[in-house]
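Take a look at the structure set out below.
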Amino acid sequence: MDIDARVNPDVVGSMTDMSLLASDSVHGIFSAHNIEHLYPHEVFHAFREFLRVLDPCGFAVITCPDLKSICALIAQDRLLEPAYVSPAGPIAPIDVLYGLRSSLSAGNLYMAHHCGFTEKVLFESLLEAGFASVISLSRPANFDLWAVASKVIRTEDEMKVLAMGHIPTP
């Protein structure tokens, strides 16, 4: 599922309105670098939609930029200096805050960032939306956050096993 039809998804739609998917119809969701494209008030609605479409034992894996590690570079006055090199080219803190400038300048405004997360905010947002169990990880060297959120209560050990299967080690 993607909002941008140009990437040829199976389903064209928004995270905040997944009405094209039936409730309890998906076992897993992988949300990779897309929640930062939402406005802050939309995040709760997106996470509620994730919950709605997940089957009773379903879970979501979420990764997004880590504002804390990016802001450390900004505090060093490195806003425009590359923090790392991605397949799309060098990525500077400004790109993480507002969206990849090359994509935006090419007219792909879906790539604009409207909100951001620290590990604490991501963790708490998932719980607030109704996920029963959440485990999270900040990878400052990679400037990213990861979370695994379960629709049902799982033990800490169960969450760690689930996370190990879905969160890459640095």
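What's counted below: heavy atoms across the whole structure, side chains too, no hydrogens, waters or symmetry copies.
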Path from Val148 to Val134 over hydrophobic side-chain contacts below 4.5 Å: no

Find out if a path of hydrophobic residues (ILVMFWY) with successive side-chain heavy-atom gaps under 4.5 Å connects Phe123 to Ile35. yes

Which distance, rounded to the nearest 0.5 Å, do you find between the CD of Glu81 and the CG of Leu73? 8.5 Å

Pair Phe143, Ile91 - check side-chain contact (heavy atoms from CB on, under 4.5 Å), show working. CA-CA 11 Å; Phe143 305 101; Ile91 305 296; over 6 Å; no

Tell me whether His37 contacts the main-chain N or O of Tyr110 through its side chain, where contact means a donor paired with an acceptor under 3.5 Å. yes

Honestly curious: do Leu67 and Leu79 fall in one hydrophobic cluster under the side-chain, below-4.5 Å linking rule? yes

How many angstroms lie between atom CD of Glu42 and atom CE of Met15, to the nearest 0.5 angstrom? 8.0 Å

Within 6.0 Å of OH in Tyr39, more than 12 heavy atoms from elsewhere: no

I need the minimum non-hydrogen distance between His113 and Pro65, along with the two atoms involved. CE1-CG, 4.5 Å

Please evaluate residues Arg139 and Asp66 with respect to the criterion side-chain contact (heavy atoms from CB on, under 4.5 Å), reporting the C-alpha separation (whole Å), side-chain torsions for both, the decisive distance (0.1 Å), and the verdict. CA-CA 8 Å; Arg139 301 187 324 161; Asp66 175 19; over 6 Å; no

More than 12 foreign heavy atoms under 6.0 Å from CZ of Phe44: is that the case here? yes

More than 12 foreign heavy atoms under 6.0 Å from CD of Gln76: is that the case here? yes

List the steps and the verdict of side-chain contact (heavy atoms from CB on, under 4.5 Å) for Asp24 and Lys151. CA-CA 10 Å; Asp24 300 325; Lys151 191 168 181 174; 2.9 Å; yes

Kindly compute the distance separating CD (Glu156) from NZ (Lys160), expressed to the nearest 0.5 Å. 4.0 Å

Say you draw a straight line from CG of Leu100 to CD1 of Ile94; how long is it, rounded to the nearest 0.5 Å? 11.5 Å

Atom pair CZ (Phe47) and OG1 (Thr16), whose distance is rounded to the nearest 0.5 Å: 12.5 Å

Here the pair of heavy atoms bringing Leu122 nearest to Leu145 is CD2-CB, 4.1 Å

Nearest 0.5 Å, what's the CE-CG distance between Met164 and Leu137? 12.5 Å

Taking all non-hydrogen atoms of both residues, which atom of Thr63 and which atom of Ala32 are closest, and how far apart? CG2-CA, 3.5 Å

Considering all heavy atoms, the nearest Arg6-Asn108 contact: NH2-OD1, 3.2 Å

Of Ser138, Ser69, Ser136, the one forming a side-chain hydrogen bond (donor to acceptor under 3.5 Å, both in side chains) with Glu119 is Ser136

Test log, rule side-chain contact (heavy atoms from CB on, under 4.5 Å), inputs Leu80 and Arg101: CA-CA 11 Å; Leu80 300 176; Arg101 291 169 289 167; 3.9 Å; yes

Closest non-hydrogen atoms of Ala60 and Leu54, given as atom of the first, atom of the second and distance, are N-CD1, 4.3 Å

Check the orientation of Phe59 and His166. Use parallel for under 30°, tilted for 30 to 60°, and perpendicular for over 60°. tilted

Got Val53 and Ile29 here, is their nearest side-chain heavy-atom distance under 4.5 Å? yes

Would you check if there is a donor-acceptor pair between the side chains of Asp17 and Ser19 at a distance under 3.5 Å? yes

Would you say Met159 and Phe30 are hydrophobically clustered, going by side-chain heavy atoms of ILVMFWY under 4.5 Å? yes

Report whether Ile3 and Leu38 are members of the same hydrophobic cluster (ILVMFWY, side-chain heavy atoms less than 4.5 Å apart, transitive linking). no

Least distance between heavy atoms, His45 atom then His41 atom: CD2-O, 3.2 Å

Within-4.5 Å side-chain heavy-atom neighbours: Arg52 and Ser23: yes

Is a side-chain donor or acceptor of Arg78 paired with a backbone partner of Ala72 at a separation under 3.5 angstrom? no

